[in-house]
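Everything below concerns the one structure shown next.
Here the structure is a predicted model, which means the values were calculated and not measured.
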Amino acid sequence: NVMAVGMSNTSINVSWTDIHQDNKHGVIIQYEVVFEKIDSSDSFSTYLTGQPNTTSETDNSLLVSPLDTYSVYRFRVRGYTTAGFGGFSSCAFAQTLTGSKCGINSECLWV
């Protein structure tokens with residue numbers, strides 16, 4: 001499961017649960033977070049978490065920035081092992097904040 005929450009006017013925090021043991025094909029080395037701005041012709045952008053050649057799978061969140069203000073983004077995540085990349089998660093949606101319309105306790109989360 002993937003969740004995304006607008007944290008500021010230029011950032012969104014993406015978090016995910018561990019991949020179920022039955023779906024792992026080895027130890028997770030890193031995760032790939034792929035995102036795109038909705039209603040945009042931009043292609044997907046990619047961030048990798050963790051460090052190559054490590055066996056840590058403790059990074060289960062990523063602060064993605066800089067993003068456009070008050071814009072909606074779609075996120076997907078997949079794990080990487082020595083066997084290669086797994087399948088993508090379902091999508092999560094979130095919107096970056098704007099100073100007057102959203103605050104820390106406001107509903108700016110689309111999941």
* Asked: What's the verdict on side chain to side chain contact (heavy atoms under 4.5 Å, CB included) for V27 and T81, showing C-alpha distance, side-chain angles and the deciding distance?
  -> CA-CA 6 Å; V27 175; T81 70; over 6 Å; no
Going through the checks in order, is the side chain to side chain contact (heavy atoms under 4.5 Å, CB included) test met by T98 and N9? CA-CA 5 Å; T98 183; N9 63 341; 5.7 Å; no
request  = Could you please spell out the steps behind the side chain to side chain contact (heavy atoms under 4.5 Å, CB included) verdict for I12 and F75?
outcome  = CA-CA 10 Å; I12 293 174; F75 297 87; 3.8 Å; yes
Subject >> Step-by-step side chain to side chain contact (heavy atoms under 4.5 Å, CB included) determination, E32 to V34 >> reply: CA-CA 6 Å; E32 179 183 47; V34 176; 3.9 Å; yes
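When all heavy atoms are compared, the tightest approach of S11 to T96 is N-CG2, 4.0 Å. Across all non-hydrogen atoms, the minimal contact from A94 to G6 is CB-N, 4.2 Å.
Between the side chain of Y73 and the backbone N or O of V64 there is no donor-acceptor pair closer than 3.5 Å. Between the T10 side chain and the L67 main chain, no donor and acceptor come within less than 3.5 Å of each other. Panel note: side chain T17, backbone N1; a donor-acceptor pair is recorded below 3.5 Å.
Atoms CZ and CD1, from R78 and I28 in turn, are 11.5 Å apart once rounded to the nearest 0.5 Å. Distance check, rounded to the nearest 0.5 Å: CE of M7 to CG of L63 gives 7.0 Å. To the nearest 0.5 Å, atoms CH2 (W16) and OH (Y31) are separated by 7.5 Å. One distance of note links OG of S89 with CZ of R76; it measures 7.5 Å at 0.5 Å rounding. Taking CG from N60 and CE from M3, the interatomic distance works out to 11.5 Å, rounded to the nearest 0.5 Å.
Residues N13 and S61 form a side-chain contact, since some pair of their non-hydrogen atoms from C-beta on lies under 4.5 Å apart.
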